[in-house]
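Small disclaimer: the values here were computed from a predicted structure and weren't measured. So that the names make sense, note that chain A is the first sequence line, chain B the second, and so on, each numbered from 1.
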Protein chains: 2
Amino acid sequence: MRRSFDDMKALLKQRNIGLSHHRLKVLEYLAEHHCHPTVEQIYADLHKEIATLSKTTVYNSLHALAEAGLVRILTIEDNETRYDLETETHGHFKCEQCGAIFNFTIDIDAFATNGLKHFDIREKNVYFKGVCPSCLHKAKDNE
Amino acid sequence: MRRSFDDMKALLKQRNIGLSHHRLKVLEYLAEHHCHPTVEQIYADLHKEIATLSKTTVYNSLHALAEAGLVRILTIEDNETRYDLETETHGHFKCEQCGAIFNFTIDIDAFATNGLKHFDIREKNVYFKGVCPSCLHKAKDNE
DNA sequence: TACATATTTGTAATTATTACAATTACATTA
DNA sequence: TAATGTAATTGTAATAATTACAAATATGTA
């Protein structure tokens with residue numbers, strides 16, 4: 001369910017979420033940066049363009065967008081909540097060395113969920129941790 | 001890989017982790033409380049028994065135990081890291097209403113992980129969110 | 001353009017976590 | 001058992017992320 005930027009705007013309108021300037025900027029930022037940024041990163045980058053942007057607004061915007069179902073809140077590690085556009089379900093892999101986060105495709109609905117028969121499941125998350133190929137190479141070079 | 005308390009002590013010794021009183025108490029607490037407690041909960045409960053226990057010690061102990069591979073650090077939501085004994089892989093379900101966390105069995109190794117061929121995967125996590133049966137019932141009663 | 005409403009700002013408060021130095025307990029060896 | 005070196009614990013203070021809130025501003029609509 002990858003959406004165009006215009007589709008997303010229409011969706012926001014439909015859900016009665018205002019299309020304020022800053023809100024759209026945050027959304028646009030996420031659309032252009034698929035690196036799962038933290039609030040800090042989003043704020044730092046957008047602040048260069050929009051001098052009056054406050055961090056609170058970044059939080060507000062992200063929460064509003066998450067509420068509208070356009071943005072997913074990623075909690076992989078403490079002290080660094082990350083944000084991502086809502087797309088088809090995929091897993092996240094975090095490299096313990098360089099901290100980068102990678103997507104990988106995964107059919108989460110495929111696996112059996114014994115013991116959750118009477119639960120209303122609204123969100124599914126999968127995240128792995130380990131070392132990415134790039135860091136593995138570096139380690140090998142240092143031997 | 002459910003372990004007895006004695007097994008765990010042996011394991012700690014083997015890995016050169018000291019068996020201090022407080023460390024064991026924290027471990028024992030986790031063994032007896034499978035509710036995925038937060039640091040706050042562990043501290044509050046153990047403090048009743050051990051008046052001199054400090055919160056820092058709880059953090060230290062949990063980190064040492066996690067290092068030793070006996071405890072798993074659960075990050076489902078911000079601002080509430082939770083801890084669990086390391087057992088066979090299972091998923092976690094968090095109820096958005098009452099906040100309770102449930103385990104469910106899942107064969108994480110079963111699903112294909114396309115796109116992670118050259119990655120060194122060291123940890124796999126699955127967590128779902130939604131509403132638990134008990135809260136679903138309550139909602140129905142209020143209709 | 002004017003109005004009602006929603007958004008943004010900025011500051012202050014809250015909370016979880018970590019850093020660190022001083023104290024205390026532990027295990028080992030004489 | 002006492003002495004010794006190492007590791008654990010404590011307590012306080014610092015850091016950092018997030019939230020609350022009231023005042024100022026921007027937004028969309030009539």
Rounding to an integer number of Å, can you tell me how far [X] [atom1] sits from [N] [atom2]?
{"X": "A:L53", "N": "D:dA26", "atom1": "CG", "atom2": "C1'", "result": "14 Å"}
{"X": "B:L24", "N": "D:dA7", "atom1": "CG", "atom2": "C1'", "result": "14 Å"}
{"X": "B:K55", "N": "D:dG11", "atom1": "NZ", "atom2": "P", "result": "13 Å"}
{"X": "A:H63", "N": "D:dA17", "atom1": "NE2", "atom2": "C1'", "result": "11 Å"}
{"X": "B:Y59", "N": "D:dT15", "atom1": "OH", "atom2": "P", "result": "18 Å"}
{"X": "B:N60", "N": "C:dA25", "atom1": "CG", "atom2": "P", "result": "17 Å"}
{"X": "A:E80", "N": "C:dT18", "atom1": "CD", "atom2": "P", "result": "12 Å"}
{"X": "B:R82", "N": "C:dA16", "atom1": "CZ", "atom2": "C1'", "result": "14 Å"}

Would you say [N] has OP1 or OP2 under 4.0 Å from some side-chain N or O of [X]?
{"X": "A:T57", "N": "C:dT8", "result": "no"}
{"X": "B:H22", "N": "D:dT10", "result": "yes"}
{"X": "A:T56", "N": "D:dT18", "result": "no"}
{"X": "A:S20", "N": "C:dA6", "result": "no"}
{"X": "A:T52", "N": "C:dT9", "result": "yes"}

Worksheet item: Which of parallel (below 30°), tilted (30 to 60°) and perpendicular (above 60°) describes A:F104 and A:F128?
Response: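 The rings of A:F104 and A:F128 sit tilted, inter-plane angle from 30° to 60°.
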Discussion item. Please verify the inter-ring angle class for B:H63 with B:Y59; under 30° counts as parallel, over 60° as perpendicular, anything in between as tilted.
Written reply: tilted
Worksheet item: Contact class for B:T38 vs. all strands (heavy atom < 4.0 Å): base, sugar-phosphate, or nothing?
Response: nothing
Practice prompt. Would you please name every residue forming a side chain to side chain donor-acceptor pair (under 3.5 Å) with B:N60, sequence neighbours left out?
Written response: none
Worksheet item: Any side-chain heavy-atom pair from A:V71 and A:D84 closer than 4.5 angstrom?
Response: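 No, side chains not in contact.
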Discussion item. Under a 3.5 Å threshold, yes or no: a donor from one side chain and an acceptor from the other, between B:N103 and B:H36?
Written reply: yes
